[in-house]
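Have a look at the structure below before the remarks.
Below, all heavy atoms of this structure are taken into account, side chains as well, without hydrogens, waters or symmetry copies.
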Amino acid sequence: MRTTPSRSRYHRPLKNSMLALFMSGCALAVTSCSGASDAPKSSPTPSNAQPTVSADPTETAKKDAIATYQSYWKEVEKLYADRSGKDTKLKQYAASAALKNVESDAKNAHDHNRIHIGQVTVGNPTVTDLDLNGKTPRATLSSCLDISRWEVVDANTKKPVSLPSNRLTKYVIQSQVERWPGGWRVIRDEPQGKRC
């Protein structure tokens, strides 16, 4: 009587090599954790533990929009301080009218041999309106912009430029921020002409 060879004979080398691979992976995992034996053992999670609640999308959107707005002003500072305009990442935070206006105003200052040094403070940025359901999610922000420590100086001598004494240095500014595929962008930034 003719017998067929056992199938397990053909699969055994594969099984053995897979088992060896699995065991070496386990050994690697154990040896790569230095000091694992010194770490205290964690207690099992109680069966009645509450599941971790994910962050509220509305609050996350507000925080992201505000963070983008604050980063935008840091890049605006850099652009006004650098006549070459090469050290700024403004396009990561601004678009549309906001980007055009800032680039145009900075160029105008630089053409007149002026730069801005110091810093701008964005005080109490608050989301006053939020629409996450539209085609392009949008937030409206209101802030108190303080430019009192942002000084206009001659680019060569670094001497302060004379400015009107009655100009507002702390004022309310309203901004529109939109969430684009690459992240939030400031699209409009409008001083309200009101002291804060």
Side-chain angles (χ1 to χ4, degrees), residues 54-161 163-164 167-196:
S54 61
D56 178 3
T58 299
E59 289 306 310
T60 300
K62 287 179 180 180
K63 287 177 185 174
D64 291 346
I66 289 171
T68 295
Y69 188 65
Q70 291 171 324
S71 296
Y72 158 81
W73 270 104
K74 291 299 174 197
E75 296 305 317
V76 169
E77 285 176 8
K78 290 178 191 176
L79 179 63
Y80 275 80
D82 177 21
R83 292 177 74 184
S84 72
K86 292 179 182 176
D87 286 339
T88 180
K89 296 175 184 162
L90 187 61
K91 289 181 182 176
Q92 290 181 12
Y93 304 104
S96 300
L99 179 62
K100 288 178 191 173
N101 291 340
V102 167
E103 288 180 333
S104 174
D105 289 349
K107 183 182 182 313
N108 185 45
H110 297 156
D111 288 348
H112 287 89
N113 204 38
R114 295 177 177 180
I115 59 171
H116 291 60
I117 59 172
Q119 67 181 28
V120 175
T121 302
V122 179
N124 195 28
T126 306
V127 175
T128 59
D129 188 40
L130 183 67
D131 178 10
L132 297 178
N133 298 319
K135 184 177 178 183
T136 303
R138 176 178 295 186
T140 302
L141 280 70
S142 181
S143 308
C144 178
L145 203 67
D146 181 354
I147 60 168
S148 61
R149 291 178 292 169
W150 200 34
E151 194 173 16
V152 183
V153 299
D154 182 279
N156 297 324
T157 66
K158 305 298 185 281
K159 289 184 179 177
V161 172
L163 296 170
R167 72 185 183 107
L168 286 177
T169 57
K170 286 185 181 179
Y171 52 87
V172 176
I173 191 161
Q174 191 169 20
S175 313
Q176 293 284 323
V177 186
E178 288 184 347
R179 187 166 62 200
W180 291 21
W184 288 90
R185 299 288 187 274
V186 178
I187 60 162
R188 189 169 290 114
D189 207 22
E190 299 173 340
Q192 300 298 295
K194 294 189 288 186
R195 193 179 300 276
C196 58

Charged N to carboxylate O under 4.0 angstrom, K86 versus D82? no
E103 side chain to N101 main-chain N or O, any donor-acceptor pair under 3.5 Å? no
Judged by atom type as modelled, is there a donor-acceptor pair below 3.5 Å linking the side chain of S104 to the main-chain atoms of K100? no
Examine distances only and state if a side-chain atom of R185 and a backbone atom of K91 form a donor-acceptor pair shorter than 3.5 Å. yes
State, without any angle test, whether Q176 and T140 hold a side-chain donor-acceptor pair at a distance under 3.5 Å. yes
Can you tell me how the ring of Y69 sits relative to the ring of W73, calling it parallel under 30°, perpendicular over 60° and tilted otherwise? perpendicular
Between the side chain of T157 and the main-chain N/O of K159, is any donor-acceptor distance below 3.5 Å? yes
With no hydrogens and no angle check, is any side-chain donor or acceptor of E77 less than 3.5 Å from a backbone partner on V120? yes
Would you confirm whether T128, through its side chain, and T126, through its main-chain N or O, come within 3.5 Å as a donor-acceptor pair? no
Run I187 and W180 through side-chain contact (heavy atoms from CB on, under 4.5 Å) and show every step you take. CA-CA 11 Å; I187 60 162; W180 291 21; 4.1 Å; yes
Are Y80 and W150 an aromatic pair by the rule of ring centers under 6.0 Å? yes
Decide whether R83 and N113 meet the rule of one side-chain donor and one side-chain acceptor closer than 3.5 Å. yes
Taking all heavy atoms of V161 and all of D154, pick out the closest pair and write down the distance. CG2-N, 3.8 Å
